[in-house]
> 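Structure provided below as structure tokens; questions to follow.
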Amino acid sequence: MLITQLKSKDTIEALAKGKVFIINCHGCKEVYFPEPEADELQKELKAKADVTEITTRDYICNPENLRLQLKKFEEKIKEADTILVFSCGVGVQTVAAYLDDKRVYACCDTCPLPGFQGVTPLEFDCGQCGECYLNYTGGICPITACSKSLVNGQCGGSKNGKCEVDKDMDCGWERIYRKLEKLGKLDTLKYPTQVRDYSKPFKEEK
Amino acid sequence: MKLTELFQRGEFVVTAEVGPPKGFHIEHLLHEVETYLKGRIHAINVTDNQSSVMRLGSLAMCKALKDIGVDAIFQITCRDRNRIALQSDILSAALFGIENLLCLTGDHTTLGDNPQAKPVFDLDSVSLLQMVGKLESGEDMAGNPLDGEAPSFCKGAVVSPCSDSVDVQLAKMEAKVKAGAQYFQTQAVYEPEKFIKFMEKAKQFGVPVQLGIVIPKNVGMVRYMNDNVAGIHVPPEMIEELKADKEKTKAGITGVEISARIIRECKDYCQGVHIMALGWESKIPDILKLAGL
């Protein structure tokens with residue numbers, strides 16, 4: 001799951017040169033889009049810059065879909081100096097590739113959001129590492145619950161059960177140990193030393 | 001010399017720790033080492049960008065120590081290098097004749113003075129230890145053969161005996177022993193009774209342990225450590241002791257006394273001591289004398 005955050009007003013205003021065509025994408029459930037904030041910012045922009053169109057589309061990351069959706073704006077796009085895209089990074093790249101003679105700018109920063117598909121609560125996250133460790137770790141993911149994504153146990157940075165990176169965050173390995181302790185499964189931790197294979201998510205299984 | 005040889009001989013192994021400067025002028029550090037440490041301790045451990053604060057490299061400093069006739073322990077963390085760079089630096093250490101490694105995971109990058117840096121942690125302390133073993137067998141981590149003679153090291157690791165989750169630390173210690181750790185140095189100890197209890201459990205692993213000492217300099221420092229440093233707890237009566245005579249504390253005498261007392265109380269339960277002076281290297285001779293070492 002992704003979250004898109006607006007870039008600062010100053011940054012976006014500086015990008016809005018000449019005739020400006022704005023594309024919002026409210027396409028998929030996997031992306032959280034800051035709708036009211038974007039609305040307000042675009043209203044302000046309209047007062048200051050020469051905004052010729054603000055259109056809100058969906059799934060602009062699908063090139064064929066994008067082409068069809070932008071068809072009726074052909075003229076306005078042709079005369080536009082700047083295309084501002086309020087979407088995730090994939091959407092911006094698709095627009096930039098399609099309108100490859102236009103100045104296409106991203107108005108959002110895209111960050112990963114814990115959990116995905118919109119059905120999991122925030123505290124659970126999957127790093128999509130391609131080599132699930134959950135069976136070793138009592139169902140608590142060491143990749144996402146530990147700031148260092150350690151796979152062989154707790155580091156020396158845990159204090160009062162909290163992580164050295166953030167005093168409000170529980171130490172993932174403290175949680176894993178306590179869970180296995182509760183299950184009477186501490187022996188599970190005697191697994192062989194694990195080394196992550198970073199090539200795995202990109203490899204084809206043979 | 002490898003520390004393992006000293007432990008095998010039954011020596012009480014005394015080491016100190018120095019942090020390289022934030023720059024490349026090491027004259028002052030070398031002078032401190034020559035004046036206060038050389039000949040009094042077995043080896044000096046050089047920190048690897050301690051607390052994620054960018055400094056001169058540990059390996060280069062180890063080489064400089066070796067050149068003045070001091071055995072060095074190359075501290076190596078997983079924070080800044082992936083497995084290719086780690087393996088390469090370990091081979092470089094072998095070239096320089098560095099025989100002791102201290103393998104750590106490392107503090108997170110956000111704790112240091114370049115918090116924008118990418119935290120690497122491709123390996124961790126356990127897989128790092130295992131990787132050194134692999135190099136010693138003549139292969140790299142991926143199983144590719146090394147050219148010529150394989151390197152050989154004394155492999156050290158760390159453990160926090162006074163951690164508030166000491167059972168979790170013991171599980172990690174066991175994993176490190178299985179991965180090849182040959183000795184341990186501990187986080188700073190201020191509560192001998194906790195350390196002794198820890199050692200009762202740790203002795204099952206059959207590897208030597210060096211008691212960790214951080215000289216308590218003043219009340220501000222120990223309070224800071226209590227609030228912020230994992231695995232360290234300075235008890236209230238010790239804070240009172242530092243408060244009692246401000247001049248004595250300022251002169252370093254209280255810190256020396258406390259450090260020596262902890263060593264005396266713990267030394268029958270461990271196989272050595274590792275002193276982290278944090279700039280107070282000049283106090284180490286007094287501590288050793290007062291501790292009867």
> Report which part of B:Arg83 has an atom under 4.5 Å of a heavy atom belonging to chain A: side chain, backbone, both, or neither.
side chain
> Is it the backbone or the side chain of A:Ser149 that comes under 4.5 Å from a heavy atom of chain B, or both, or neither?
neither
> Are any of the side-chain nitrogens in A:Lys148 or A:Glu164 under 4.0 Å away from the carboxylate oxygens of its partner?
yes
> With a 4.5 angstrom heavy-atom cut-off, is it the side chain or the backbone of B:Val159 that approaches chain A, or both, or neither?
neither
> Do side-chain atoms of A:Gln194 reach the backbone of A:Pro192 as a donor and acceptor pair under 3.5 angstrom?
yes
> For B:Tyr183, run the side-chain contact (heavy atoms from CB on, under 4.5 Å) check against B:Val209, B:Leu102, B:Thr15, B:Val13 and tell me which one passes.
B:Leu102
> Less than 4.5 Å to any heavy atom of chain A: does that hold for the side chain of B:Gln130, its backbone, both, or neither?
side chain
> Please look at B:Asn82 and chain A and tell me whether the side chain, the backbone, both or neither of the residue comes under 4.5 angstrom of a heavy atom of that chain.
neither
> Please classify the contact of A:Lys167 with chain B as side chain, backbone, both or neither, using a heavy-atom distance under 4.5 Å.
side chain
> So, for B:Gly156 and B:Leu129, which heavy atoms are closest and what is the spacing to 0.1 Å?
O-CD2, 3.8 Å
> With chain A as the partner, which of B:Ser127, B:Pro119, B:Ala175, B:Ala171 has the greatest number of non-hydrogen pairs under 4.5 Å?
B:Ser127
> What part of B:Met141 lies closer than 4.5 angstrom to a heavy atom of chain A: side chain, backbone, both or neither?
side chain
> Counting heavy-atom pairs under 4.5 Å to chain A, which of B:Asp164, B:Val168, B:Leu111 comes out on top?
B:Val168
> Between B:Val126, B:Thr110, B:Val229, B:Asp167, which residue shows the highest count of heavy-atom pairs closer than 4.5 Å to chain A?
B:Asp167
> Of the backbone (N, CA, C, O) and the side chain (C-beta and beyond), which part of A:Glu181 lies under 4.5 Å from a heavy atom of chain B, both, or neither?
side chain
> Would you mind writing out the side-chain donor-acceptor pairs for residues 14-28 of chain A within the sub-3.5 Å range, not counting sequence neighbours?
from, atom 1, to, atom 2, distance (Å)
A:Lys17, NZ, A:Ala14, O, 3.2
A:Asn24, OD1, A:Gln42, NE2, 2.7
A:Asn24, ND2, A:Gln42, OE1, 3.1
A:Asn24, ND2, A:Thr56, OG1, 3.3

> So, for B:Asn114 and B:Met54, which heavy atoms are closest and what is the spacing to 0.1 Å?
ND2-CB, 3.9 Å
> Name the member of B:Ile232, B:Val158, B:Asp122, B:Leu123 that forms the most heavy-atom pairs with chain A at distances under 4.5 Å.
B:Asp122
> Is a donor on one side and an acceptor on the other found under 3.5 Å between the side chain of B:Gln87 and the backbone of B:Val132?
no
> May I ask you to decide if B:Gly143's main-chain N or O and B:Asp140's side chain share a donor-acceptor pair within less than 3.5 Å?
yes
> Quick one: what part of B:Thr105 sits under 4.5 Å from any heavy atom of chain A, side chain, backbone, both or neither?
side chain
> What is the minimum heavy-atom distance between A:Asn152 and A:Trp173, and which atoms define it?
N-CZ2, 4.0 Å
